[in-house]
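Counting starts at 1 for both ligands and their atoms, in listed order.
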Amino acid sequence: MTGPRFHPLESWVEYAPAEMERRAAEFRREIARRRTVRDFSSRPVPRPVIEECIRAAGTAPNGANHQPWHFVAVTEPEVRARIRVAAEEEERAFYGGGAPQEWLDALAELGTDEHKPFLETAPFLIVIFAERYQELPDGRRVKNYYVQESVGIATGILITALHHAGLATLTHTPSPMGFLNEILGRPPNERPFLILVAGYPAGDARVPRITKKPLDDIATFL
Ligand code: IYR
């Protein structure tokens, strides 16, 4: 075991309070424009954009800096077709009676169903895997910490980075998602976390009319 090695915090930038407020408001307006999109165009997206956004996600704070994530960016049409077939099979079971009525009622106003054409239409599927533990070459296992939290934070940064770059996203969670390990050739120490669909919205994309809770409902200042 080695002790900690430190160097000065060189990346820090300080803003005056008024500038902080302006930046906070500007970012809030920018992120509030983000909408989950289900109608995607097949227009291609440059791979370097996706690479940079995944690099941004990889900066996320995480348990013991083990960085317990893996991102599989899929463009291959045959692979996407296989993912769609498997996902729609799961979703048919979910919407066709597998899910409790209360859950189906909660989804009714979003208009979701078992049809997932976007899995083939959108140019990129980014499948996010959570690494439950690391496996060393000699077979020993190294424990990862706060895996769900870490991968959730990285995914949030990925969604934000893609939005900031000018792309629309959809978080898609077929359940169960075990088929993704098989189709994408990922090892058993990785568990699929979610599929992030990324691309341009279709020209006639429509989104549900929804609102976000006001500050007073989501925050308490003591
Ligand atoms: N996984 C399903 C169902 C679904 C669940 C929730 I919670 C949503 O916010 C949206 C959909 C699907 O992708 O259709």
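The existence of a salt bridge linking Glu78 and Arg82 is excluded, since no basic side-chain nitrogen approaches an acidic carboxylate oxygen closer than 4.0 Å.
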Under a 3.5 Å threshold, I'd like every N/O contact between ligand 1 and protein atoms, with atom names and distance.
unit_1: ligand 1; atom_1: 1 (N); unit_2: Glu91; atom_2: OE2; d: 3.3
unit_1: ligand 1; atom_1: 1 (N); unit_2: Thr173; atom_2: O; d: 3.0
unit_1: ligand 1; atom_1: 13 (O); unit_2: Lys116; atom_2: NZ; d: 3.4
unit_1: ligand 1; atom_1: 13 (O); unit_2: His172; atom_2: ND1; d: 3.0
unit_1: ligand 1; atom_1: 14 (O); unit_2: Tyr95; atom_2: OH; d: 2.4
unit_1: ligand 1; atom_1: 14 (O); unit_2: Lys116; atom_2: NZ; d: 2.5

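Proximity of the aromatic rings of Trp103 and Phe94 is defined here by a centroid distance below 6.0 angstrom, and this criterion is met.
Residue pairs satisfying the salt bridge (Lys or Arg N to Asp or Glu O under 4.0 Å) criterion with at least one member in residues 165-194, sequence neighbours excluded, are listed as follows: Arg186-Glu190. Among residues at least two apart or in separate chains, salt bridge (Lys or Arg N to Asp or Glu O under 4.0 Å) pairs with a member in residues 27-38 are Glu30-Arg33.
Annotation: salt bridge (Lys or Arg N to Asp or Glu O under 4.0 Å) contacts of Glu51 (sequence neighbours excluded): Arg47.
Distance NE2/His172 to CG/Leu125: 9.0 Å, rounded to 0.5 Å.
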